[in-house]
Amino acid sequence: MLENFQPVPPDPILGLGQLYAADPREGKIDLGVGVFKDADGNTPIMAAVKKAEVVLHDMQTTKTYKPLGGDEAFRDAMREMVLGDSVAADRVATIQTPGGSGAIRQLYEAIRKINSDATLWLSDPTWPSHVAMANHMGIKIRTYRYFDSAGSNVDFGGMMEDLQAMQPQDVLMLHGCCHNPTGANLDAGQWNDVTDLVLKTGAIPFIDIAYQGFGDGLEEDAANLRSMAARVPEMLVAASCSKNFGLYRDRVGCAMAVCDTADKHAVVARNMAVLNRMNYSFAPDHGAAVVSIILADKGLRAMWEEELTQMRETMLTIRKDLADELRRQCNTDRFDFIADHRGMFSRLGLSKDEVEALREEHGMYVVGDSRINIAGLSGGRHVPFAAAVAKVLAG
Ligand code: LMR
C-alpha cells in the first residue's frame, strides 16, 4: 500500500534549511524559517522561559492529564494577552493547541464542520501553510489582492474591491500584525474599513496572530484585532507563542472562538474540545505551563517583556540598517520600504533567478518568493547580504 505515496516537493520554507545545512561555505546566511537569531546566529532560550521551567520543575507533582481543551490558566492568560478587554470573557471559547499551526488546523476543522460551503479568503500572498492546509482539508479558497509588488506596500484598493464578493458566513483570514511574508500591514483606519465590510457582508473574520510583540509592541500589535473584536458579533483567532516566547519546538498556541452571546459559549467550547479529542486528544502541556507561569508572575512577566522588547528593537534596527546599506551598495531607493515594514519578514521583490543566484553564488538563503527573515541579519550580517544583493542586481 505504501507504494501509493507519491513524491512531494520540499516545503517552501523548511526545505531551505536542509539546503543551508548541507552548504559547506563559510559566510553563508540563513534567512529562511522565521526564528529569532542573536548576533552570533543562535536562537537562544529566553531567560524568563528558563526561569519558569525551573519553577515548573519544582512545583509540578504529576503528569496526569489536564482538561481536553487545555489548561484553564493558560487559556485565560492568552485570551487576556490577545483580546484584552475588547470582548467579555464569557463570550470567548478557547482551546490550547500545538502551536499556531495547530490552532489554524483546529479552526479550519471547525469551519469545515459548521459550514462546509464557506469560502476561506486568503491574502495574496500569505503564509504557504494557510493555503496548503486548506487545500489538504478540501476547504474552498479565494484570494484577495493584498500586496502591491511595485510599491512594496498594501494594495488596499484592490483588497477592498476583491472582498466585496464575500458572502455571509464566508471566512476572512487576516494577519493580526506583522504580515507574513510581506511585512506590509494594514493601518488602523484600514482595519476599520475592513470591519465595516465584514459587518456588511456577514463574513466572519479569522485572525492569525503569530508575531504579537514583534511589530510595534505587545499591546500595539493587538490593538487592531481588539478594535475589530469589539465591533463584530463573531471572530476566530489563532494565536502562537512560538515567536514571542521563543518556544518554537514546544508547540504552544491556542484557538479562540468569539461567540455573539455568552449563552453559546458552552456548546462552542465543548465542540472545540472535541476537535482536540478527534485529532490528538491533548495539546502538549510543558510550554503552555511555562507561558502561564510567566504571565502570572509579575517579575517573570516584566523580564519576558523586556526580552521581547529587545528582540523587537533588534529587528527594527536591522530594518533601518539594511535599508540604508542596500541604498548605499545598490545605489537605489527601491529597498527603502524595508525600514517601514514591521515584523519578522519583508519581501525584497527579487526574481526567482535572482533568489537562486543569491543562494548558489553567494550562500544567501532567501525563500523563493524573496522573503527574508530580518532577524537572520543580526550581528552585522546585513552588510555582506547587501553586497551580495548588489552583485546579483548588477548581473
Ligand atoms: C515561517 O513562516 O517561517 C514560520 O512561520 C515557520 C513556519 O513554520 O513556516
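One-based numbering, in listed order, for ligands and for the atoms of each.
Legend: side chain to side chain donor-acceptor pair (under 3.5 Å) pairs involving residues 99-113, not counting sequence neighbours, sorted by first then second residue: Arg105-Glu109, Gln106-Asn276, Gln106-Asn279, Gln106-Tyr280, Glu109-Asn279. Residues in residues 181-191 take part in these side chain to side chain donor-acceptor pair (under 3.5 Å) pairs, two or more places apart or across chains: His179-Thr182.
Judged by distance alone, with hydrogens and angles left aside, the side-chain atoms of Glu354 form no donor-acceptor pair with the main-chain N or O of Lys352 at under 3.5 Å. The backbone N or O of Leu120 lies less than 3.5 Å from no partner atom in the side chain of Lys140, so there is not a single donor-acceptor pair.
Relative to the ring axis of Phe214, Arg312 does not place its NZ or CZ within 45° and under 6.0 Å from the centre.
Closer than 4.0 angstrom to ligand 1 lie heavy atoms from Ile13, Val33, Gly34, Trp127, Asn180, Tyr211, Lys243, Phe345, Arg371.
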Just distance, no hydrogens or angles: give the donor-acceptor pairs under 3.5 Å from side chains in residues 42-55, sequence neighbours left out.
from	atom 1	to	atom 2	distance (Å)
Thr43	OG1	Phe36	O	2.9
Glu53	OE2	His286	NE2	2.8

